[in-house]
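All values below come from the heavy atoms of this structure, side chains included, with hydrogens, waters and symmetry mates left out. Residues take their numbers from the sequence shown, with the count starting at 1. Just so it is clear, the model here is predicted, and its values are computed rather than measured.
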Amino acid sequence: MLSTVILISGRGTNMKAIVEAQIPNVQIKAIISNDPEAKGLEYAKQQGIEAVVVNHKEFANRSAFDTALKACIDQFEVDLVILAGFMRILTPDFVQHYRGRLLNIHPSLLPLFKGLHTHERALEAGVKEHGVSVHFVTEDLDGGPIIAQARVPVLEGDDADALAGRVLVQEHQIYPKVVQWFAEGRLKLQDSQVLLDGEAVTF
């Protein structure tokens, strides 16, 4: 059984997708948020999953927050930490502590459009394709080794909301699939290389 926690900062739609996928042999020990007002916390409670707040505003700096967050996560003795719309830049010490068992989803075809406002930036750049990436987290913001991507076309007349909506559909499909690969022992990070079924994954 793979034990995991999911970290959110808002609605937690990707968290919901993972919960509702009911992935075999995956136990979600807790949903943790840095924001006590995060709407996803109520959903977690409705599902009978422990909902925990580690409010970043109560800490003097990022390092102190990450130390407390790490302590909170480690009490659940997890095998995997899933970032699902967790809007915090994590310290190198935190990332190293969970290296190879820390996943993130990002709404762009990395390495394009790291950071925020990806849909607006994709439209401004005039790209023909946009999408989503799931990657292992490293100290490089949105720069960790890519595990999987899903693509959507950019259509004439798209605005950021329309494009985001199509990307979100793909997010909800691709993230549970990657978590399932990890639970099945098919996915791992070796040095800086993603291996799926023992074969190198490249993008």
In plain terms, say whether Lys114 and Asp140 are close enough for a salt bridge, that is, a side-chain N and a carboxylate O under 4.0 Å apart.
yes

Salt-bridge criterion met for Arg166 and Asp158 (N-O under 4.0 Å):
yes

Side chain proximity check, [X] to [Y], heavy atoms < 4.5 angstrom:
X: Val81; Y: Leu103; answer: no
X: Tyr98; Y: Leu90; answer: no
X: Leu187; Y: Leu195; answer: no
X: Leu110; Y: Asp142; answer: yes
X: Leu189; Y: Pro145; answer: yes
X: Thr4; Y: Val179; answer: no

Checking Phe94 against Leu102 for the side chain to side chain contact (heavy atoms under 4.5 Å, CB included) test, could you report, in this order, the C-alpha distance in whole Å, the side-chain angles of both residues, the deciding distance, and whether it holds?
CA-CA 10 Å; Phe94 184 96; Leu102 181 60; 4.3 Å; yes

Evaluate Gln170 against Gln149 for side-chain hydrogen bond (donor to acceptor under 3.5 Å, both in side chains), listing each step before the verdict.
CA-CA 9 Å; Gln170 297 301 318; Gln149 291 183 327; over 6 Å; no

Taking it one step at a time, do Ile147 and Phe136 satisfy side chain to side chain contact (heavy atoms under 4.5 Å, CB included)?
CA-CA 7 Å; Ile147 300 164; Phe136 282 107; 3.7 Å; yes

Donor + acceptor pair across side chains of Asp35, Ser9 (<3.5 Å):
no

Just by distance, no angles: are the side chains of Tyr43 and Glu20 close enough, under 3.5 Å, to form a donor-acceptor pair?
yes

Would Leu196 and Phe182 count as a side chain to side chain contact (heavy atoms under 4.5 Å, CB included) if you check the C-alpha gap in whole Å, the side-chain angles of each, and the deciding distance to 0.1 Å?
CA-CA 9 Å; Leu196 181 61; Phe182 196 96; over 6 Å; no

[X] atom [atom1], neighbour heavy-atom count above 12 within 6.0 Å:
X: Gln22; atom1: CD; result: no
X: Arg11; atom1: CZ; result: no
X: Lys29; atom1: NZ; result: yes

Could you go through the side chain to side chain contact (heavy atoms under 4.5 Å, CB included) check for Ile32 and Ile6 one step at a time?
CA-CA 6 Å; Ile32 303 172; Ile6 304 177; over 6 Å; no

Do His119 and His130 make the cut of ring centroids closer than 6.0 angstrom?
yes

Cluster question for you: counting only ILVMFWY and a side-chain heavy-atom cut-off of under 4.5 Å, with indirect links fine, are Phe59 and Ile89 together?
no

So if I apply the side-chain contact (heavy atoms from CB on, under 4.5 Å) rule between His106 and each of Thr118, Val134, Leu141, which one comes out positive?
Thr118

Given the ring of Phe65, does Arg88 sit roughly above its face, with NZ or CZ under 6.0 Å from the centre of the six-membered ring and within 45° of the axis?
yes

